[in-house]
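Just below is one structure, and these are the notes that go with it.
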Amino acid sequence: MKSSKKSKIEKLVDEQVKIISRGMEEILPLEDFEKKIKKSIEQNKPLKIKFGVDPTSPDLHLGHAVILHKLKQFQDFGHIVILLIGDYTARVGDPSGRSVTRPQLSPKKIEKNAKTYTDQAFKILDPKKTRIDYNSRWFSKMNFNDLLKLTSKFTIARLLERDDFSIRYQKGTPIFLHEFLYPVMQGYDSVALKSDVEIGGTDQKFNMLAGRSLQIDFGQDPQVVITMPILEGIDGVQRMSKSLGNYIGLTEPAKEMFGKVMSIPDELMIRYFNLATNLEEDEVKKIEKGLNDGTLHPAEVKRRLGREIVTLYYDRKTALEAQAEFDRVFKEKKLPSEIPEFKVPREIFKNSKVWVVRLLVTIGFAKSNSNARRLIEQGGVKINNKIIKSPELELKIKENDIIQVGKRKFARLVISH
RNA sequence: GGGGGGGUGCCCGAGUGGCCAAUGGGAGCGGGCUGUAAACCCGCCGGCGUAUGCCUACAGGGGUUCAAAUCCUCUCCCCCCCA
């Protein structure tokens, strides 16, 4: 009797651990994780899963979604997710990319960003099992004494272990003192929240482990650290990020999403299936096999990937429409079904004609006259599907003329009076 | 506090008096090939309405010179070594 009950709990533990383990990079340490899950089941008490959020760039993309999906799995098991808005740490600035001096964000702006962030996150997360907190809640009350106490728990050598610090140190790029404090602060967040698990990208490993050691110092049961792989952006090389411009945003229109997926390198497809869709492992294995033995055409597989991803954020129907639109524009080279309108102001007309270069700049398809000239000289500009050959051209434009730059920029002209 | 080395275009990085709007690579952009994939090939990559022309640019100010990214000087910033 007693033993069968115990094994039932163990089965539950195994199940949770198995699902959570899928697609993650590391669980540190695994034994602690099993213990925590077990305790949670036995006492029927959900675990607190912490995820730190930077309110400076509120646009979420598929890279963030990797973690959000994992958090959702925790929620499905009944655990509580804490989205910790790093409003206070945002003022410190992330240690990476020191050349960019971040503008100080006003509390209002931070609040707005946080709202945008959580709205997007709830495309995946269950709001009922999510708590939102702000780390200014504890940091703004701290004094210098508290800070000293905290910092005395870390050594420089330990901080220098961290990858990006040691690289910068070796390269001779400056590391500022306040940047050193970043892991300390993130670590203290875990203490303040008494978190059971912290989850983040592999780049956050050090900071999250700092949380563990601080919690021990504060006499708490240390959190388990789960690191998730960092998804490459659509360039296939660098991590997906807004500033690198290689991202697929969660709120992007379905057509954009689909199109961007189609432009990722083939080698990345399986990784995207694993990290950015909900397909079962076995299914992904099948696809991988098909690709390898040539029974599946890569282009077809990529279309499927596009559909899966769009379906996740919209629905099946929208995904199919996005695919149809893609075929229409890029396979059949037809005009998109919807073309954004641009008002052509009267001032740029001269004797009822418009200089092409000026037109391109006015509607924002070229950064400068020189840029517009180059585009034309290189044959990248079409009006009503006819290539413009001379940058000197003055043209008579009519309502609804279609201007195209490159393969994907279209505009329908509207003449304002 | 003392000594040394640096700051160049989106990034890396050459250039140490004229031939420098500044070699090269990366990123980006346009074209070709294709499956808007990758790889590859060609071209562009400060601005100015039409220019063997002008303007703005090599951390910032001042100066030398017919001529400066390059020399001098002051200021600011970064790195290293010693204390």
Side-chain angles (χ1 to χ4, degrees), chain A residues 96-101 165-177 179 232-248 255-273 287 290-291 294 296-307 309 322-336 347-351 353-362 364-383 387-395 403-410:
Chain A
S96 59
R98 67 133 200 145
S99 56
V100 195
T101 317
F165 282 152
S166 67
I167 290 168
R168 278 163 69 182
Y169 190 67
Q170 274 160 26
K171 271 185 75 180
T173 23
I175 300 168
F176 291 92
L177 207 46
E179 295 181 296
E232 290 78 7
I234 55 177
D235 59 342
V237 182
Q238 286 178 286
R239 59 181 299 166
M240 186 176 283
S241 95
K242 193 185 172 191
S243 53
L244 292 172
N246 61 357
Y247 70 105
I248 302 179
K255 290 171 195 166
E256 278 294 305
M257 237 184 214
F258 189 88
K260 282 190 179 181
V261 171
M262 289 306 284
S263 77
I264 66 166
D266 287 2
E267 296 72 55
L268 231 57
M269 287 196 289
I270 294 302
R271 204 160 153 80
Y272 268 59
F273 270 115
I287 294 171
L291 278 173
L296 285 174
H297 191 286
E300 261 325 301
V301 172
K302 207 179 278 177
R303 288 157 73 85
R304 164 109 191 255
L305 178 64
R307 291 193 304 269
I309 289 175
Q323 177 175 284
E325 177 77 4
F326 178 84
D327 289 349
R328 177 191 167 84
V329 178
F330 295 106
K331 277 175 102 169
E332 299 161 33
K333 306 260 190 244
K334 287 188 189 159
L335 291 173
E347 308 88 79
I348 72 166
F349 284 87
K350 252 189 196 169
N351 304 323
K353 287 182 170 180
V354 174
W355 181 33
V356 240
V357 168
R358 181 112 197 242
L359 179 63
L360 286 175
V361 175
T362 308
F365 278 8
K367 274 178 278 180
S368 63
N369 289 5
S370 313
N371 182 220
R373 284 196 128 84
R374 280 177 226 128
L375 286 169
I376 294 166
E377 277 159 12
Q378 299 187 114
V381 178
K382 284 186 202 162
I383 289 179
I387 295 178
I388 301 296
K389 294 192 195 87
S390 164
E392 311 305 340
L393 185 71
E394 311 259 349
L395 35 86
I403 184 160
Q404 179 181 0
V405 172
K407 280 171 191 151
R408 55 177 102 177
K409 274 191 235 163
F410 297 89

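So you know, we letter chains A, B, ... as the sequences are listed, proteins then strands, and number each from 1. Quick caveat: nothing in here was measured; it's all calculated off a predicted structure.
- Look at OH on A/Tyr272: it is 15 Å from P on B/A37, rounded to the nearest Å.
- In this structure, A/Leu360 atom CG and B/G30 atom P are separated by 12 Å, rounded to whole Å.
- The nucleotide B/G1 finds its pairing partner in B/C82, both defining distances of the Watson-Crick or G-U wobble pair being shorter than 3.5 Å.
- Rounded to the nearest Å, the gap between the C1' atom of B/G46 and that of B/C41 is 28 Å.
- The separation of B/A37 from B/G28, taken at their P atoms, amounts to 13 Å, rounded to a whole angstrom.
- The CD1-P distance, from A/Ile234 to B/A38, rounds to 10 Å in whole Å.
- Nucleotide B/U36 holds its P atom 13 Å from the CZ atom of A/Phe410, rounded to whole Å.
- Rounded to whole Å, the C1' atom of B/C11 lies 34 Å from the corresponding atom of B/U50.
- Comparing the C1' positions of B/C33 and B/G43 gives a spacing of 15 Å, expressed to the nearest Å.
- Comparing B/C72 with B/A57, their P atoms sit 22 Å apart, to the nearest whole Å.
- Contact check on A/Glu392 versus A/Arg373 returns a salt bridge, with a Lys/Arg side-chain nitrogen under 4.0 Å from an Asp/Glu carboxylate oxygen.
- A/Phe410 does not carry A/Lys382 over the face of its six-membered ring by the limits of under 6.0 Å from the centre and within 45° of the normal.
- Among the heavy atoms of the strands lying under 4.0 Å from A/Gly259 is at least one base atom, whether or not backbone atoms are also near.
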> Quick one: what's the B/S/- string for nucleotides 39-51 of chain B, heavy-atom cutoff under 4.0 Å, read 5' to 3'?
Replying inline: ----BSS-SSBB-

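- Of the possible donor and acceptor atoms, one in the side chain of A/Asn246 sits under 3.5 Å from a partner among the backbone N and O of A/Ser241.
- The shortest side-chain heavy-atom distance between A/Leu375 and A/Phe365 does not fall under the 4.5 Å cut-off.
- Checking side-chain atoms of A/Lys302 against main-chain N and O of A/Ile264 turns up a donor-acceptor pair under 3.5 Å.
- Going from the C1' atom of B/A69 to that of B/G9 covers 12 Å, rounded to whole Å.
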Polar pairs (N or O, both sides) under 3.5 Å between protein and nucleotides 32-35 of chain B?
unit_1	atom_1	unit_2	atom_2	d
B/G35	O6	A/Asp266	OD2	3.3
B/G35	N1	A/Asp266	OD1	3.3
B/G35	N1	A/Asp266	OD2	2.7
B/G35	N2	A/Asp266	OD1	2.6
B/G35	N2	A/Lys302	NZ	2.9

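- B/A38 sits 26 Å from B/C10 when the P atoms are compared, rounded to a whole Å.
- When both distances must be under 3.5 Å, the Watson-Crick or G-U wobble mate of B/C58 does not exist.
- In terms of the side chain to side chain donor-acceptor pair (under 3.5 Å) criterion, residue partners of A/Arg307 (sequence neighbours excluded) are, by chain and number, A/Gln323.
- When both distances must be under 3.5 Å, the Watson-Crick or G-U wobble mate of B/A27 does not exist.
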> Where do A/Glu300 and A/Arg303 land on the salt bridge (Lys or Arg N to Asp or Glu O under 4.0 Å) test, with the steps shown first?
Replying inline: CA-CA 5 Å; A/Glu300 261 325 301; A/Arg303 288 157 73 85; 3.3 Å; yes

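- With a cut-off of 3.5 Å on both Watson-Crick or G-U wobble distances, the partner of B/A67 is given as none.
- Straight-line distance from the CD1 atom of A/Ile376 to the P atom of B/G31: 13 Å, rounded to whole Å.
- Taking the charged nitrogens against the carboxylate oxygens, A/Glu232 and A/Arg271 do have a contact shorter than 4.0 Å, which makes a salt bridge.
- On the P atoms, B/U16 is 13 Å away from B/G7, given to the nearest whole Å.
- Atom CZ of A/Arg328 has more than 12 neighbouring heavy atoms from other residues, nucleotides or ligands inside a 6.0 Å radius.
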